Amino acid sequence: HLSRRTVLGAAAALGATALPAMAQTKTVLRISTPAVPDDWHAKMWTVFKEQLEKTAPGEFDVQINLNATLFKQGAEPAAMARGNLELTSISAFDIAKLVPEFSIFTAGYVVRDPDQQQKIFNGPIGTELFKLVSEKMDVTPLSTVYLGTRQVNLRDAKPVKTPADLKGVKLRMPGSKEWLFLGDALGATATPLAFGEVYMGLKTGTIDGQDNPLPSVRAAKFYEVTKQLVLTSHLVDGIFIAISNKSFNALTAAQKQKVTAAAQAAAAYNNENRIKEEGQLVEFFKKEGLQVTTPDVDAFRKSVQATYQASDYAKVWPKGLLDRINATK
Ligand code: KDO
């Protein structure tokens, strides 16, 4: 059941004499994300909101909740299923819990770059998999957001060349088994922690490091409490702007089109800015005093790919999907 706000009651309460002929209702779209305000996938929601205000004036009440203040990280899909949340960005890891086929996108060194990522999800592979997502999660993905390429970020400056060098390193990962598997596959000891607790964990030393794309390392200020960036480039990460089917189906055809267009504009804004910033940040981190190194990426790739291929995850990847992804150019 959609939350709606009426101005009719307010007008009556004010003792207004001329009431509008019809109650003006706004469709409430609640958004929840762990993103920090200064990150591109937080700012993109303002683009979403402003575009809807232009294309559908007075029709939507877009409520943006950052820093996981409304729902904790990873709890968004369940909140949507219960009808407590209309919109969010879901990760491949969130999806893989309910759509195991999707775990191929949680595996390191599968997607090559942001351009290929857009082609994968805007083409037939995306159409097929998003159909499963809609059926099994009751949400509709509206656009694909490049979260960035994940890099290892450590408290100490001990050189890291191969996965063996991460042995025993307590590498924070978000708290689900799919994420922890990735951290372990890198050679580290994966340790679960919510995004909002990572800064403190690094500062106090309850964790030895974390992995995130460079723009998020900048926006969440992890560089203040770490000494080293190891450019493993282990995951070209994506999140998907998704709306609950119940909310989407309650919209008119014109509104569906406008909400979709706004989600695509938000993703485009994020992707453009994030890609640009990602290319410039190494210099920034060096100026901040961090050691930035490129390890033996081939060694990481081989080891991580072999770990996934030997795992139960690979058993449920649709036949031929990896080849189709690799052939997407
Ligand atoms: C993180 O917790 O490391 C992560 O990068 C995981 C993503 O799926 C996403 O939840 C992101 O955090 C948040 O949006 C914060 O940037």
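Computed over heavy atoms, backbone and side chain alike; hydrogens, waters and symmetry mates excluded. Both ligands and their constituent atoms are indexed starting at 1 by order of listing. For clarity, every value in this text was computed on a predicted model and none was experimentally measured. One-based numbering along the sequence shown.
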Got a list of side-chain donor-acceptor pairs under 3.5 Å for residues 177-193, not counting sequence neighbours?
from	atom 1	to	atom 2	distance (Å)
Glu178	OE1	Ser176	OG	3.4
Asp184	OD1	Ala190	N	2.9
Thr191	OG1	Thr189	O	3.3

- Message: Working note: Gln210 + Asn212, criterion side-chain hydrogen bond (donor to acceptor under 3.5 Å, both in side chains); need CA distance, chi angles, decisive distance, verdict.
- Response: CA-CA 7 Å; Gln210 66 93 27; Asn212 253 295; 2.9 Å; yes
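- No donor-acceptor contact under 3.5 angstrom links the side chains of Thr144 and Gln118, judged on distance only.
- With Phe60 as the aromatic partner, Lys26 does not meet the cation-pi criteria of under 6.0 angstrom to the ring centre and within 45 degrees of the ring axis.
- Aromatic pair Phe285/Phe222: centroids not less than 6.0 angstrom apart.
- Ring centers of Phe93 and Phe102: at least 6.0 Å apart, outside the cut-off.
- Sorted by chain and number, the residues within 4.0 Å of ligand 1 by heavy atom are Pro34, Ala35, His41, Gln73, Ser91, Leu147, Arg150, Arg172, Pro174, Trp179, Phe195, Asn212.
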